[in-house]
Amino acid sequence: MPSFDTVLEPDMVKVRNSVDASAKEITTRFDFKGTSASIEWKDKEKEIHATGDAEFQLEQIEGVLYAKLTKQGIVLGFVDKQDKIEKLGGDRVKQVYKIKNGLDAPEAKKVVAAIKESKLKVQAQIEGDIVRITGKSLDDLQAAQAVLRKDLSDLPLSFDNYRK
């Protein structure tokens with residue numbers, strides 16, 4: 001039976017390039033000269049760490065980061081800004097941004113619910129951090145993709161691993 005996988009994955013190379021471009025801009029901007037402003041990519045944790053002298057400076061760094069991510073074509077829905085701003089030594093503060101990779105349980109349940117509500121002749125099955133959708137015809141699968149794009153427009157879903 002034809003199938004495809006519904007996934008939530010950003011292009012990590014583009015994310016890394018955006019962070020590197022942001023770091024380069026921060027080192028050259030006049031308003032960041034002589035400050036501890038920096039941004040770095042933590043590959044293992046899939047996190048971005050921004051540090052600055054004050055919360056106001058973190059907001060400026062965030063603006064630079066979001067601009068670079070958008071320029072690379074990364075949907076900002078992949079960026080999960082953590083609520084807590086950590087205090088470092090002295091006046092320094094740190095903000096952490098987690099990059100979403102894979103559907104977590106509530107999001108996967110939303111995908112399955114959207115498919116069931118559509119009354120299409122397809123089945124949705126959660127398999128780890130993906131949702132596999134199977135159907136008898138390719139037309140049904142394309143209709144399922146259209147439903148997901150429309151109903152879950154807040155999630156930057158992508159579809160891959162097509163099988164005929």
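- In this structure, the side chains of Q57 and R92 stay at 4.5 Å or more apart for every pair of heavy atoms.
- Atom CG of D31 sits in a crowded spot, with more than 12 heavy atoms from other residues, nucleotides or ligands closer than 6.0 Å.
- L148 and V122 fall within the same hydrophobic cluster, where Ile, Leu, Val, Met, Phe, Trp and Tyr residues are linked whenever their side-chain heavy atoms come under 4.5 Å apart, directly or through other members.
- Between the side chain of S153 and the main chain of R149, no donor-acceptor pair closer than 3.5 Å is present.
- Using a 4.0 Å cut-off between a side-chain N of Lys or Arg and a carboxylate O of Asp or Glu, K98 and E45 do not qualify as a salt bridge.
- Legend: residues meeting side-chain hydrogen bond (donor to acceptor under 3.5 Å, both in side chains) with E59, ordered by chain and number and at least two apart, are absent.
- In this structure the side chain of L8 reaches within 4.5 angstrom of the side chain of F78, judged on heavy atoms.
- Looking only at side-chain heavy atoms (C-beta outward), V112 and V131 come within less than 4.5 Å of each other.
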From CA spacing to verdict: side-chain contact (heavy atoms from CB on, under 4.5 Å), N101, M12: CA-CA 9 Å; N101 194 11; M12 289 301 181; 3.9 Å; yes
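- A continuous path of Ile, Leu, Val, Met, Phe, Trp and Tyr side chains, each step under 4.5 Å between heavy atoms, connects L157 with Y162, placing both in one hydrophobic cluster.
- Counting heavy atoms from C-beta outward, H49 and W41 have side chains that stay 4.5 Å or more apart.
- For E55, the CD atom sits in a loose shell: 12 or fewer heavy atoms of surrounding residues, nucleotides or ligands are nearer than 6.0 Å.
- Counting heavy atoms from C-beta outward, Q125 and Q123 have side chains that stay 4.5 Å or more apart.
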Derivation and outcome, salt bridge (Lys or Arg N to Asp or Glu O under 4.0 Å), residues K100 and E9: CA-CA 7 Å; K100 291 182 185 177; E9 289 181 342; over 6 Å; no
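- Atom-to-atom distance recorded for R16:CZ and I48:CD1 is 11.0 Å, nearest 0.5 angstrom.
- L155 is connected to L76 through a chain of hydrophobic side-chain contacts under 4.5 Å among Ile, Leu, Val, Met, Phe, Trp and Tyr, so both are in one cluster.
- In summary, E40 and K42 engage in a salt bridge, as defined by a charged side-chain N under 4.0 Å from a carboxylate O.
- In this structure, Y66 and Y97 have perpendicular ring planes: the angle between them is above 60°, well past the 30° mark.
- Every side-chain hydrogen bond (donor to acceptor under 3.5 Å, both in side chains) that S137 has, sequence neighbours left out, goes to D140.
- I99 and V96 are not part of a single hydrophobic cluster, where members link through side-chain heavy atoms under 4.5 Å apart.
- The side-chain heavy atoms of T51 and V93, taken from C-beta on, include no pair separated by under 4.5 Å.
- In this structure, OG on S22 lies 11.0 Å from CD on E62, to the nearest 0.5 angstrom.
- With sequence neighbours excluded, no residue forms a side-chain hydrogen bond (donor to acceptor under 3.5 Å, both in side chains) with Q142.
- Formation of a donor-acceptor pair under 3.5 Å by the Q82 side chain with backbone atoms of D80 is found in this model.
- Side-chain N or O atoms of D5 include none that pairs as donor or acceptor with a backbone N or O of V7 at under 3.5 Å.
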